[in-house]
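Here's the structure we're looking at; comments come further down.
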Amino acid sequence: MPELPEVETVKRTLELKLTGLTIDSVDIAMPKIIREPSPQEFGAQIKGRKITGLGRRGKYLLLYLSSDKVLIIHLRMTGRLIYAAPGEPLPRHTHVIFSLSNGNQLRFADMRQFGRIQLAPKQALNQVKGLKDLGPEPLEKDFTRNLLRRELKRKRVRLKTLLLDQTFIAGLGNIYADEALHRARLHPMRIANSLSPREIANLYHSIIEVLREGIQNRGTSFRDYVDGDGRKGNYQKLLRVYNREGLPCPHCGTTIARMKVSGRSSYFCPACQRKQ
DNA sequence: CGATTCCCCTGATAGC
DNA sequence: TGCTATCAGGGGAATC
């Protein structure tokens, strides 16, 4: 599942290749992937625009285009964005193909068809649904310990639920939320406003740590994720709790458990992460 | 308004 | 062996 570190890795693998190229044409095999504008309009507007740079906000990948347009891409669960030569075999579930001025292609494939692509004017970025309500970027300066403390105090929801809430913090998904909670030794069911200052500090540093490690290891390829070159990440080898039910906790050896928290699987160590 | 539930979708896996 | 049921989950919409 592409979360912040995976989207950041895709961004880094693609920006060297895409920056400076022009999009000659777009082939849309599955119209519903294009959220806005209409597929015809989308194709017309994007044609001939130059890719001036790449960006990321939360789990959204941003392709900045000439004439102040931005291509907004969300991979959701199984989306893939891959740079390839036209001669390379077209994988199943390839829904959108951007033909580039150097003869190569940028391909969007998505088995479960949850991913979305949208085109918006640059100045309207902060009005785009999903983007406009995003919380702070956890690896940027605006995410401070004080901010986390202030926001936690206001909330009576479970920690796991809160970490997955993109309006609270942008970019965490199920994998890195579980890993951050384990590292901070906090139970996923703990209520947000019950944390001590020490626990808040632990959570703060843990969130930043797991995301940085994820990026350093080129993301987690638990199932479908690959980067812009189609290569898998390495962080799945270093996960301590996620998808490790029944296996020993790397810290204490206790068997890792799994429970549902607001509809999502949560993996945790019952010894390291006590409920209290 | 904030919190919760449902739904989209296909492939892997469990169960019979 | 082969079929069906269940699960996985990000985020938007609907509902409480």
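Just so it is clear: chains get the letters A, B, ... in the order the sequence lines come, proteins before strands, and each one is counted from 1. Quick caveat: nothing in here was measured; it's all calculated off a predicted structure.
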Think A:R92 has a side-chain N or O under 4.0 angstrom from the OP1 or OP2 of B:dG11?
yes

From the options B:dT10, C:dG12, C:dG10, select the nucleotide whose nearest atom is closest to the side chain of A:M77.
C:dG10

Take the angle between the ring planes of A:H74 and A:Y60 and call it parallel below 30°, perpendicular above 60°, tilted in between.
perpendicular

Send over the distance from A:R158 CZ to B:dT4 P, rounded to a whole Å.
7 Å

Under 4.0 angstrom, heavy atoms only, what part of the nucleic acid is A:R156 near: base, sugar-phosphate, or nothing?
nothing

Whole-Å distance separating the OH atom of A:Y176 from the P atom of C:dG9:
14 Å

Consider only side-chain N and O atoms of A:D165 and A:T167, and report whether a donor and an acceptor are under 3.5 Å apart.
yes

So how far is it from A:K50 NZ to A:I23 CD1, rounded to the nearest 0.5 Å?
12.5 Å

To the nearest 10 degrees, the angle between the two end axes of the helix from B:dG2-C:dC16 to B:dC16-C:dG2 (five pairs per end) comes to 60°

To the nearest 0.5 Å, what is the distance between NE2 (A:H187) and CZ (A:R274)?
10.5 Å

Give the residues of residues 113-136 of chain A touching DNA chain B, defined as any heavy atom closer than 4.0 Å, sorted by residue number.
A:Q113, A:F114

Of A:I73, A:T19, A:L119, the residue whose pairing with A:L63 passes side-chain contact (heavy atoms from CB on, under 4.5 Å):
A:I73

Taking the nucleotide of DNA chain C with the closest heavy atom to each, which residue, A:R35 or A:Y267, is nearer the 5' end?
A:Y267

Select one nucleotide: of B:dT4, C:dG10, B:dC8, the one nearest the side-chain heavy atoms of A:K32.
B:dC8

Check the phosphate of C:dG9 against A:Y242, side-chain N and O only, distance under 4.0 Å to OP1 or OP2. Yes or no?
yes

Hey, which sits more toward the 5' end of DNA chain B by its nearest nucleotide, A:D165 or A:R112?
A:D165

Give the rounded distance in Å between these two atoms: CZ of A:R258 and P of C:dC7.
10 Å

What's the OH-C1' distance between A:Y225 and C:dG10, to the nearest Å?
17 Å

Pair A:R49-A:S67, side-chain donor/acceptor within less than 3.5 Å
yes

Whole-Å distance, A:M30 CE to B:dC9 C1', equals 10 Å

With no hydrogens and no angle check, do the side chains of A:Y267 and A:E245 hold a donor and an acceptor under 3.5 Å apart?
no

Rounded distance in Å - CD (A:E6) to C1' (C:dG10)
13 Å

Candidates B:dC9, C:dA8, C:dG12 - which lies nearest the side chain of A:S265
C:dA8

Looking only at non-hydrogen atoms, find the nearest pair between A:A170 and A:E137 and report the distance.
CB-OE2, 4.0 Å

Which one, C:dG12, B:dG11, C:dG10, comes nearest to the side chain of A:L164?
C:dG10

Supply the atom-to-atom distance A:D229 CG to A:K232 NZ, rounded to the nearest 0.5 angstrom.
14.0 Å

Which part of the nucleic acid, if any, lies within reach of A:R154 when heavy atoms closer than 4.0 Å are counted: base, sugar-phosphate only, or nothing?
nothing

With a 3.5 Å cut-off and heavy atoms only, can you find an N or O donor on one side and an acceptor on the other between the side chain of A:R264 and the base of C:dA8?
no

Using whole Å, report how far CE of A:M111 lies from P of B:dA12.
7 Å

Result for side-chain contact (heavy atoms from CB on, under 4.5 Å) between A:V210 and one of A:R240, A:R183, A:H182 points to A:R183

Could you state the atom-to-atom distance from CG of A:N243 to C1' of B:dT13 in whole Å?
13 Å

Starting from the 5' end of DNA chain B, give me the residue, A:K155 or A:H93, whose nearest nucleotide shows up first.
A:K155

